[in-house]
Amino acid sequence: MQLYNTLARSKQEFVPIVPGKVGIYCCGPTVYNFAHIGNLRTYIFEDILRRTLRFSGLEVRHVMNITDVGHLESDADEGEDKMEKGARREGLSVWDLARKYEAAWLADMTALNIERPEVICRATEHVAEMIALTERLVERGFAYAAPGAVYFDTSRFGSYAELARLDLSGMQAGAGGRVGVVGEKRHPNDFVLWFLDRPKHLMQWDSPWGRGYPGWHVECSAMSMKYLGETFDIHCGGIDHIPVHHTNEIAQSEAATGKPFVRYWLHGEFLIIGKQDADDDDAYTKMSKSSDNFITVSVVKERGFDPLSYRFLCLMAHYRSELKFTWENLESAQQGLRRVYAQRSGPDPLENDSAYEDARGEVARALYDDLNTPNAVGLLSRYGSDRLWQEFDAVLGLGIAQRRLEREEPLPEEITQLIAARNEARKAKEWAKSDALRDEIISKGYEVGDGPQGTTVKPRIL
RNA sequence: GGAGCCGUACCCAAGUGGUUAAGGGAGAGGUCUGCAAAACCUCUAUUCAGCGGUUCGAUCCCGCUCGGCUCCUCCA
């Protein structure tokens, strides 16, 4: 299988460290608000990754974190903590807030048919591991304590920013806030491992340096290495994590262990959405929690869409491409999915076993080519084989078999009576009456069709 | 200021240095139907933002221009 590795900026053949097994770590949600569908796009991509790896015969161990310790607005501090801001907004404790949105996030994952990772770990339950990692860094001379925090010393880590290929000197010249505030830090890019002296912060723990709380990046290093080992196969996340979060994860992990941290880094692109102030129809922007283009799974449902239609929309674009979201596009995805679910009449076009194997190989190759789901879906559509769709649904996760079953369920008594009444009216050529009855059946969620073999009524799916 | 990405039909979106530029949606026509719906069949880019260059040949490689996006700051 070929996967695009951000470290190499190219596709590479995936070779697991332990034959037959693969360890994956994915950056999970910060639970201070609902996830929007842009966030969820990344989890869908990661789900496709894990399912494809498993389809290829590997045993998958997938770890995802829940960030339930607040992040400050920036390492430079001053800003307001998101968790605390959310808690105040909703009149909940920070702990209750985190649990509330963790549950909401899990529900979204379920609605989108995203498989549960083997390990879901909360940052607040791994503070000891984070402290241990920080101690290790201090011992090895990669971290230093100042009055306000323990910092990672980026100057001591030679390959810092290799992943992002950042031009640190260029950044110094820039006007960005990140390099503007040095304060007690020794170098502009140094980042916090452990915050100290923040009496107002609601979540605090004791540490060798005093009471405080962990910096953001350290949780992913501590938890991924705990569950997957000091060197593991794949680390995923959104493309925005490359320059800071993942760069810092690599630095602190490798500095602590002296070993390579991760072999393959995979990053998902953004979902983009038309700008609100649309003087230009071609202007798109990423979805974000702070602006008004915030669309959640609930909003998708309220608009009459099945969450799986959104999943299907995501599959129709490659994970490393920006995907333009509009309600019209979601509608077209839902219509397409409806036809995938609909029972096809006639024989399977791939009756012949060798033809089936050829087609199967072609679809599998598309998926093994850096998870090319749009290509795979295109091939499945072209072949039009139920059997093939159902086999690859193990990867696509559209729940095809279940929907098919729902369509075959026996009709309720109420509906069969309406059908009988309509058939009588039709026999008597009372068209107005029969059409009214048909409308009634349709309004109850069924499709009605009259063919040479008589009338067929099935539940409408989607 | 620095780094990088993208621009394929009405919409979304794969793809390739050279035989017919996937697929989905929408649209058009047809089969079926009392009429519909669904399903099925057929059709819909001589062309891949524009202009140059490399090449026997470029949508795919290079350069420039235009347009859009992201990162450098919490962010999927």
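Just so it is clear: chains get the letters A, B, ... in the order the sequence lines come, proteins before strands, and each one is counted from 1.
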*Asks:* Pull out every protein N or O sitting under 3.5 Å from an N or O of nucleotides 26-28 of chain B, one pair per line with the distance.
*Replies:*
{"unit_1": "B:A26", "atom_1": "OP2", "unit_2": "A:Arg339", "atom_2": "NH1", "d": "3.2"}

*Asks:* Tell me what A:His245 touches on the nucleic acid: a base, only sugar-phosphate, or nothing, going by heavy atoms under 4.0 Å.
*Replies:* nothing
*Asks:* Hey, does A:Gly268 reach any base, or is it just sugar-phosphate, or nothing, if we go heavy atoms under 4.0 Å?
*Replies:* nothing
*Asks:* Side-chain contact, heavy-atom cut-off 4.5 Å: A:Ser309 with A:Leu462?
*Replies:* yes
*Asks:* Determine the contact category for A:Arg365: base if any of its heavy atoms lies under 4.0 Å from a base atom, sugar-phosphate if only primed atoms, P, OP1 or OP2 are that close, otherwise nothing.
*Replies:* nothing
*Asks:* Please report the distance separating the P of B:U8 from the corresponding atom of B:C69, rounded so that it comes out in whole Å.
*Replies:* 14 Å
*Asks:* Indicate whether any N or O donor in one side chain lies under 3.5 Å from an N or O acceptor in the other, for A:His245 and A:His217.
*Replies:* yes
*Asks:* Rounded to whole Å, please give me the gap between CG in A:Leu337 and C1' in B:G23.
*Replies:* 15 Å
*Asks:* Of all the choices, B:A14, B:G34, B:C69, which nucleotide is nearest to the side chain of A:Glu322 once you look at every atom?
*Replies:* B:C69
*Asks:* Reading RNA chain B from 5' onward, which residue's closest nucleotide shows up sooner: A:Leu379 or A:Glu328?
*Replies:* A:Glu328
*Asks:* By the 4.0 Å heavy-atom rule, please label A:Gly237 as base, sugar-phosphate, or nothing.
*Replies:* sugar-phosphate
*Asks:* With a 4.0 Å cut-off on heavy atoms, is A:Asn329 in touch with a base, just the backbone sugar-phosphate, or nothing at all?
*Replies:* sugar-phosphate
*Asks:* Contact class for A:Ser434 (heavy atom, under 4.0 Å): base, sugar-phosphate, or nothing?
*Replies:* base
*Asks:* Can you see which heavy atom on A:Ala87 is nearest to which on A:Val94, and at what distance?
*Replies:* CB-CG1, 3.8 Å
*Asks:* Taking the six-membered ring for Trp, are the ring centroids of A:Phe55 and A:Phe392 within less than 6.0 Å of each other?
*Replies:* yes
*Asks:* Name the closest nucleotide to the A:Pro243 side chain, picking from B:G25, B:C12, B:C71.
*Replies:* B:C71
*Asks:* What is the nucleic acid contact for A:Arg320, judged by heavy atoms within less than 4.0 Å: base, sugar-phosphate only, or nothing?
*Replies:* nothing
*Asks:* Do A:Tyr319 and A:Asp370 meet the criterion of a side-chain donor-acceptor pair at a distance under 3.5 Å?
*Replies:* yes
*Asks:* Could you tell me how far B:G29 sits from B:U20 if I compare only their P atoms? Round to whole Å.
*Replies:* 30 Å
*Asks:* Could you give the CZ-to-C1' distance, from A:Arg407 to B:A38, as a whole number of Å?
*Replies:* 8 Å
*Asks:* Could you work out the separation of B:C48 and B:U59 based on their C1' atoms and round it to a whole Å?
*Replies:* 4 Å
*Asks:* Would you call the rings of A:Trp105 and A:Tyr43 parallel, tilted or perpendicular, taking 30° and 60° as the class edges?
*Replies:* perpendicular
*Asks:* Measuring only the P atom in each nucleotide, how far is B:C64 from B:G25? A whole number of Å is fine.
*Replies:* 41 Å
*Asks:* Are OP1 or OP2 of B:C71 and a side-chain N or O of A:Lys286 less than 4.0 angstrom apart?
*Replies:* yes
*Asks:* Nearest to the side chain of A:Thr285, which nucleotide is it out of B:A22, B:U70, B:A76?
*Replies:* B:U70
*Asks:* In this structure, how many angstroms lie between the C1' atom of B:C5 and the CD1 atom of A:Ile272, rounded?
*Replies:* 11 Å
*Asks:* Among B:C35, B:A14, B:A76, which is the nearest nucleotide to the side chain of A:Arg422?
*Replies:* B:C35
*Asks:* CD of A:Gln390: more than 12 outside heavy atoms within 6.0 angstrom?
*Replies:* yes
*Asks:* Rounding to an integer number of angstrom, what distance separates B:A49 and B:G7 when you compare their P atoms?
*Replies:* 8 Å
*Asks:* Anything below 3.5 Å on both distances counts as a pair; with that, list the stems of at least three consecutive Watson-Crick or G-U pairs involving RNA chain B.
*Replies:* B:1-7 with B:66-72, B:10-12 with B:23-25, B:27-31 with B:39-43, B:49-53 with B:61-65
*Asks:* Write down the distance between CZ (A:Phe270) and C1' (B:G4), rounded to a whole number of angstrom.
*Replies:* 13 Å
*Asks:* Respond yes when some side-chain nitrogen or oxygen of A:Asn375 is under 4.0 Å from OP1 or OP2 of B:G23, and no when none is.
*Replies:* no
*Asks:* Would you classify A:Leu40 as touching base, sugar-phosphate or nothing, given that sugar-phosphate means primed atoms plus P, OP1 and OP2, and contacts are heavy atoms under 4.0 Å?
*Replies:* nothing
*Asks:* Should the pair A:His201 and A:Tyr213 be assigned to parallel (<30°), tilted (30 to 60°) or perpendicular (>60°) ring geometry?
*Replies:* parallel
*Asks:* Check every atom of B:G24, B:A14, B:A76 against the side chain of A:Ser321 and return the nucleotide holding the closest atom.
*Replies:* B:A14
*Asks:* Answer with base, sugar-phosphate or nothing: what part of the nucleic acid does A:His267 contact at a heavy-atom distance below 4.0 Å?
*Replies:* nothing
*Asks:* Take the protein atom OH of A:Tyr310 and the nucleotide atom P of B:G25, then report the distance between them rounded to whole Å.
*Replies:* 20 Å
*Asks:* Just call it for A:Glu331: base, sugar-phosphate, or nothing, with non-hydrogen atoms closer than 4.0 Å on any strand.
*Replies:* nothing
*Asks:* Under 5.5 Å centre to centre and under 30° between planes: does that hold for A:Tyr43 and the six-membered base ring of B:A76?
*Replies:* no
*Asks:* From the list B:G23, B:A36, B:A76, which nucleotide is the closest neighbour of the side chain of A:Arg382?
*Replies:* B:G23
*Asks:* Which part of the nucleic acid does A:Asp435 contact within heavy-atom distance under 4.0 Å: base, sugar-phosphate only, or nothing?
*Replies:* base
*Asks:* Looking only at the side chain of A:Pro374 (C-beta and beyond, no hydrogens), which of the listed nucleotides B:A14, B:G24, B:A76 gets closest?
*Replies:* B:A14
*Asks:* Determine, for A:Tyr356 and A:Arg387, whether the Lys NZ or Arg CZ falls below 6.0 Å from the six-membered ring centre while staying within 45 degrees of the axis.
*Replies:* yes
*Asks:* Quick one: A:Ile239 CD1 to B:C72 P, roughly how many Å, whole number?
*Replies:* 12 Å
*Asks:* Is the Lys NZ or Arg CZ of A:Arg41 less than 6.0 Å from the centre of A:Phe270's six-membered ring, within 45° of the axis?
*Replies:* no
*Asks:* Please confirm whether the ring centroid of A:Trp327 lies under 6.0 Å from the ring centroid of A:Phe305.
*Replies:* yes
*Asks:* With a 4.0 Å cutoff (strictly under), does any side-chain N or O of A:Lys429 reach OP1 or OP2 of B:G34?
*Replies:* no
*Asks:* Does atom NZ (A:Lys458) have a neighbourhood of more than 12 heavy atoms from anything else shown, all under 6.0 Å?
*Replies:* yes
*Asks:* Would you say the side chain of A:Asp450 and the base of B:C32 hold a donor-acceptor pair, judged only by whether the two atoms sit under 3.5 Å apart?
*Replies:* no
*Asks:* Using the P atom as the point on both nucleotides, what is the distance between B:G52 and B:A58, in whole Å?
*Replies:* 13 Å
*Asks:* Using the C1' atom as the reference point in each nucleotide, state the distance between B:C60 and B:A14 in Å, no decimals.
*Replies:* 13 Å
*Asks:* Counting side-chain heavy atoms from C-beta on, which of B:A14, B:A38, B:C35 comes nearest to A:Ala317?
*Replies:* B:A14
*Asks:* Starting at atom CD of A:Glu249, determine the distance to atom P of B:A76, rounded to an integer number of angstrom.
*Replies:* 13 Å
*Asks:* Taking B:U44 as the reference, what is the distance to B:A13 when you measure between their P atoms (whole Å, please)?
*Replies:* 23 Å
*Asks:* Rounded to whole Å, please give me the gap between CG in A:Leu323 and P in B:A76.
*Replies:* 17 Å
*Asks:* Which atoms form the tightest heavy-atom contact between A:Tyr264 and A:Val262, and what is the distance?
*Replies:* O-CG1, 3.3 Å
